[in-house]
Amino acid sequence: MVGTGPVVSTATDRRERVRRVRGRDDGERLAAAELGAELGERATLVQFSSAFCAPCRATRRVLGQVAGMVEGVAHVEIDAEAHLDLVRRLEVRRTPTVLVLDAGGRVVRRAAGLPRKADVIAALGEAVGRPGDPS
C-alpha cells in the first residue's frame, strides 16, 4: 500500500552526495560566458545558490577552501534565481547544487546539498585526472 509507512533516509543516502552525472547531463559543457566567469585552468566548481539558503553559505566556504588548496581550480557561484534558463537546462532542483567541470567545461560530477570537503576533493581528482578530450 502506498503511503502507509514512514519515509526512511538511510546513512548511505546521506553520504552519497557527490555522484557521477548520467543521462542527459553526461557530457554537457558549460562555457565561461554562460557562467559569467572564467573556467579554471584544471577544473571549475560551479555552485548554484539562492539568497536565503543556509547550506549555500557553508557550501561556499567548503568550495572556496578546496579551490584555494588546488592550483588551477576556480569556484564560481551562480544565483539560481537570476539564471533560470541555465537552472532549467541543467535540471538543478535545489540549492545548493554543485557541478564539477573539467578543464574543457564538461560536467563530470554533481552534488545536491552540502558536500563534504573530502567528496569535493575526490570529485576534483576525477575532473583533473581526465585525459584531454579531442572534441
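Count residues from 1 along the sequence.
Taking the salt bridge (Lys or Arg N to Asp or Glu O under 4.0 Å) definition, one finds that E81 meets it with nothing, sequence neighbours left out.
One distance of note links CG of L35 with CG of L30; it measures 5.0 Å at 0.5 Å rounding. Interatomic distance, CG of L99 versus CZ of R109, reported as 12.5 Å (0.5 Å rounding). Here the CD atom belonging to E71 is positioned 7.0 Å from the CD atom belonging to E41, to the nearest 0.5 angstrom. The distance from atom CG of L63 to atom NZ of K117, rounded to the nearest 0.5 Å, is 10.5 Å.
The two residues L86 and I78 make their nearest non-hydrogen contact at CD2-CD1, 4.1 Å. Closest approach of V98 and P115 over heavy atoms only: CG2-CG, 4.3 Å. For the pair V100 and L45, the tightest heavy-atom approach, listed with the atom from each and the gap, is CG2-CD2, 3.9 Å. For the pair G64 and H75, the tightest heavy-atom approach, listed with the atom from each and the gap, is N-ND1, 4.0 Å. Between T95 and S50 the shortest heavy-atom distance is OG1-OG, 2.9 Å. Closest non-hydrogen pair, A43 versus V128, comes out as CB-CG2, 4.1 Å.
Note on residues 44-76: pairs passing disulfide bond (SG atoms under 2.5 Å apart), not counting sequence neighbours, are C53-C56. Applying the side chain to side chain donor-acceptor pair (under 3.5 Å) test to every pair with at least one member in residues 53-64, sequence neighbours left out, gives these pairs: R60-E77.
For the pair Q47 and V62, the minimum side-chain heavy-atom distance is 4.5 Å or more. Proximity of R88 to L84: side-chain heavy atoms (C-beta onward) are separated by under 4.5 Å at one or more points. In this structure, V73 and V66 have side chains that are not in contact, with every pair of non-hydrogen atoms separated by 4.5 Å or more.
Judged by distance alone, with hydrogens and angles left aside, the side-chain atoms of E126 form no donor-acceptor pair with the main-chain N or O of A123 at under 3.5 Å.
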Let's go through Q65 and V120 carefully: what are the C-alpha distance in whole Å and the side-chain angles of both, what is the deciding distance for side chain to side chain contact (heavy atoms under 4.5 Å, CB included) to 0.1 Å, and is it a yes or a no? CA-CA 10 Å; Q65 289 172 355; V120 175; over 6 Å; no
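A side chain to side chain contact (heavy atoms under 4.5 Å, CB included) with E28 is found for one member of V108, L90, L101 and no other, namely L90.
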